[in-house]
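Just the heavy atoms: all of them, side chains too, but no hydrogens, waters or symmetry mates, feed the values below.
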Amino acid sequence: MLSGFANSTIWLIGIAMLLSRAVIKTGLGRRVALFFISVFGKKMIGVAYGFALADLVLGPGIPSASARGGGIMYPIMQSVATAYGSEPGPTARKAGSFLAIAISQIDTIVCAMFLTAMAGNPIMASLAGDLGVHMSWTSWFVGAIVPGLVALIALPYFLYKIYPPEIKDSPEIAAFARGELKDMGPMSRAEKVLTADFVLLLLLWIVGDMAFGINATVSAFIGLAILMVTSIMTWEDIIKEKAAWNTIFWFAVLVMMAGALNTYGVVGWIAKGIARGVGGIGWHMGLVVLILVFFYTRYFFASAVAHISAMYAAFLATALALGAPPMLAAMSLAYTALLSMGLTQYSGGPGPALFGSGYNSTGRWWGVSFLCSIPSLLIWFVVGGAWFKVIGWW
């Protein structure tokens with residue numbers, strides 16, 4: 001029953017969440033977001049790209065879509081919208097409606113780009129490992145970098161065209177962001193140390209495993225130890241971070257149960273049943289069908305972790321039974337699980353906070369998000385498929 005707590009993946013999630021608290025506590029996350037908006041915020045599409053770059057920079061070290069999108073981006077988005085008189089109701093379409101959905105879509109892409117960008121990612125890595133497929137931080141990132149960057153460029157522009165804000169030019173927003181940065185003053189010692197620690201973590205996660213044999217979880221512990229030695233994080237901060245400890249306890253149990261389902265043959269039994277339904281069409285088409293079903297069944301789940309825990313292992317086992325290349329199947333389904341978070345306001349991540357701001361109705365959120373899902377899937381199928389071929393996944 002306690003075996004899940006021996007899983008290094010669980011501790012990677014927990015430690016990364018503690019590290020993310022430091023990003024919010026020191027104000028570094030807000031500073032990063034304001035900086036990019038000050039540079040790109042002269043037009044409303046530029047504001048969206050500013051949020052995208054900020055999320056991309058913060059993504060590797062904050063394993064919570066809610067913390068990034070809801071805790072950092074959402075308050076800034078509200079300030080931007082309010083500055084232009086865009087409030088829930090008749091003036092929502094001036095800026096708020098567009099920015100709320102843009103941040104939601106951007107956050108899902110960033111979640112798909114890094115193993116440490118979302119709490120459910122290491123769980124999928126663990127479940128894939130139970131089926132004989134090894135995912136490292138580096139392999140996850142290498143696979144996602146090309147389709148992810150293309151999606152970050154294309155999706156905000158696509159949304160801007162199908163759901164345009166009434167205000168196109170926004171020079172005051174760049175000035176607003178510069179003013180906020182000025183009020184924050186120069187970077188504090190804590191922010192500088194945290195930035196250096198963040199860069200070190202990225203280096204360890206990217207090359208540590210390959211060059212030095214340093215596990216991603218060990219790297220996370222090193223990063224946390226540095227913050228404790230420099231007093232940026234105290235023991236009191238750590239024991240008070242209830243979200244991290246709740247995640248460790250709940251996910252340890254979930255991973256243990258998922259492993260038991262595989263050990264006792266339940267996952268294999270389900271996979272065989274699904275495989276019979278899609279058998280005879282070849283693994284190429286079979287994997288496409290599995291991805292589409294996996295993507296759009298997200299409408300029935302109000303939690304990313306619930307969706308992953310319920311379906312990922314069975315769908316991966318089915319893909320493997322059909323003869324799909326292991327790495328291609330495991331990573332394609334993993335990316336799909338994250339991209340589908342943008343379908344509804346309750347699918348996970350910052351959706352509840354962004355939708356709760358009142359800028360969009362349920363029908364508008366669902367309709368626009370569904371339209372965004374089409375180019376999103378095309379990018380990952382076409383650009384991603386070609387890139388996966390280049391790096392040898394199939």
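Contact record, D55 with M73: N-CE, 3.6 Å, taken as the closest heavy-atom pair. A22 and L194 get closest at one heavy-atom pair: O-CD2, 3.5 Å. L328 and W283 get closest at one heavy-atom pair: CD2-CZ3, 3.6 Å. The shortest heavy-atom contact between M187 and L28 is CE-CD1, 4.2 Å. A220 approaches L12 most closely through the heavy-atom pair CB-CD1, 3.9 Å. The minimum heavy-atom distance linking G286 with L322 is given by the pair CA-CD1, 4.0 Å.
In terms of modelled atom types and a separation under 3.5 Å, the side chain of S340 and the main chain of A337 share a donor-acceptor contact. No side-chain donor-acceptor contact under 3.5 Å links S332 to the backbone of A329. Listed for the Y160 side chain is no donor-acceptor partner under 3.5 Å among the backbone atoms of M44. With hydrogens and angles ignored, the 3.5 Å screen pairs no side-chain donor or acceptor of W393 with any backbone N or O of W387. Using a distance-only test at 3.5 Å, with no hydrogens or angles considered, no donor-acceptor pair links the side chain of S97 to the main chain of N360. Side-chain N or O atoms of T234 include none that pairs as donor or acceptor with a backbone N or O of M228 at under 3.5 Å. Formation of a donor-acceptor pair under 3.5 Å by the W140 side chain with backbone atoms of A112 is found in this model. One N or O on the side chain of T217 and one on the backbone of S8 form a donor-acceptor pair closer than 3.5 Å. In terms of modelled atom types and a separation under 3.5 Å, the side chain of S38 and the main chain of A174 share no donor-acceptor contact.
Side-chain atoms of L53 and V57, non-hydrogen and from C-beta on, never get closer than 4.5 Å to each other. In this structure the side chain of L56 reaches within 4.5 angstrom of the side chain of L152, judged on heavy atoms. Using a 4.5 Å heavy-atom cutoff, the side chains of W366 and Y299 are in contact. For the pair W380/T336, no side-chain contact is recorded, criterion being any heavy-atom separation below 4.5 Å from C-beta on. L155 is listed as a side-chain neighbour of I379, based on a closest heavy-atom distance under 4.5 Å. With contacts defined as side-chain heavy-atom distances shorter than 4.5 Å, the pair Y157/Y49 qualifies. When side chains are defined from C-beta on, I76 does not count as touching E180, because their heavy atoms never get closer than 4.5 Å. Side-chain contact between F158 and C372 is present, with at least one heavy-atom pair separated by less than 4.5 Å.
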_side-chain contact (heavy atoms from CB on, under 4.5 Å) for W137 and L204? Distances and angles first, verdict last._
CA-CA 10 Å; W137 196 97; L204 287 175; over 6 Å; no

*Do D237 and R21 pass the salt bridge (Lys or Arg N to Asp or Glu O under 4.0 Å) test, and can you show the C-alpha distance, the side-chain angles, and the key distance before you say yes or no?*
CA-CA 9 Å; D237 292 328; R21 172 52 54 188; over 6 Å; no

*Decide yes or no on side-chain contact (heavy atoms from CB on, under 4.5 Å) for R298 and T344, but give the supporting numbers first.*
CA-CA 8 Å; R298 191 49 170 276; T344 72; over 6 Å; no

*Start with the C-alpha distance between L316 and L127, add both sets of side-chain angles, then the distance that settles side-chain contact (heavy atoms from CB on, under 4.5 Å), and finish with yes or no.*
CA-CA 9 Å; L316 175 55; L127 294 175; over 6 Å; no

*Please walk me through it: do Q345 and W365 pass side-chain contact (heavy atoms from CB on, under 4.5 Å)?*
CA-CA 7 Å; Q345 73 274 28; W365 189 285; 4.1 Å; yes

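Residues F36 and F51 keep their aromatic ring centres 6.0 Å or farther apart. Ring centroids of F294 and F315 are separated by less than 6.0 Å, placing the two rings close together.
The hydrophobic cluster containing Y312 does not contain Y264, counting ILVMFWY residues as joined when their side-chain heavy atoms lie under 4.5 angstrom apart, directly or transitively. If you chain together hydrophobic residues whose side chains sit under 4.5 Å apart, M233 and W235 fall into the same group. No single ILVMFWY cluster, assembled from side-chain heavy atoms under 4.5 Å apart, contains both V199 and I214. Clustering ILVMFWY residues whenever any of their side-chain heavy atoms sit less than 4.5 angstrom apart, transitively, puts I145 in a cluster other than the one holding L203. When the side chains of ILVMFWY residues are joined at heavy-atom separations under 4.5 Å, either directly or via intervening members, V390 and F381 end up in a single hydrophobic cluster.
Looking at Y296 and S373, their side chains do bring a donor and an acceptor atom within 3.5 Å of each other. D107 and S104 share no side-chain donor-acceptor pair at under 3.5 Å.
Within a 6.0 Å sphere centred on CE of M184, other residues, nucleotides and ligands contribute more than 12 heavy atoms. In the displayed structure, K25 atom NZ is contacted under 6.0 Å by more than 12 heavy atoms of other residues, nucleotides or ligands. For K168, the NZ atom counts as densely surrounded, since its 6.0 Å shell holds more than 12 non-hydrogen atoms of other residues, nucleotides or ligands.
A cation-pi arrangement, defined by a distance under 6.0 Å to the six-membered ring centre and an angle within 45 degrees of its axis, is present between R93 and Y163.
Between the CD1 atom of I248 and the CH2 atom of W11 there is a distance of 4.5 Å, given to the nearest 0.5 Å. Taking OG1 of T108 as the start and OH of Y335 as the end, the distance is 14.0 Å to the nearest 0.5 Å. K192 NZ to I232 CD1: the interatomic distance, rounded to the nearest 0.5 Å, is 12.0 Å. The structure places CD of Q78 at 8.0 Å from CD of E87, a figure rounded to the nearest 0.5 Å. The OG atom of S376 sits 7.0 Å away from atom CD of Q105, with the distance rounded to the nearest 0.5 Å. Going from atom OG1 of T195 over to atom CG of L200 covers 12.5 Å, rounded to the nearest 0.5 Å.
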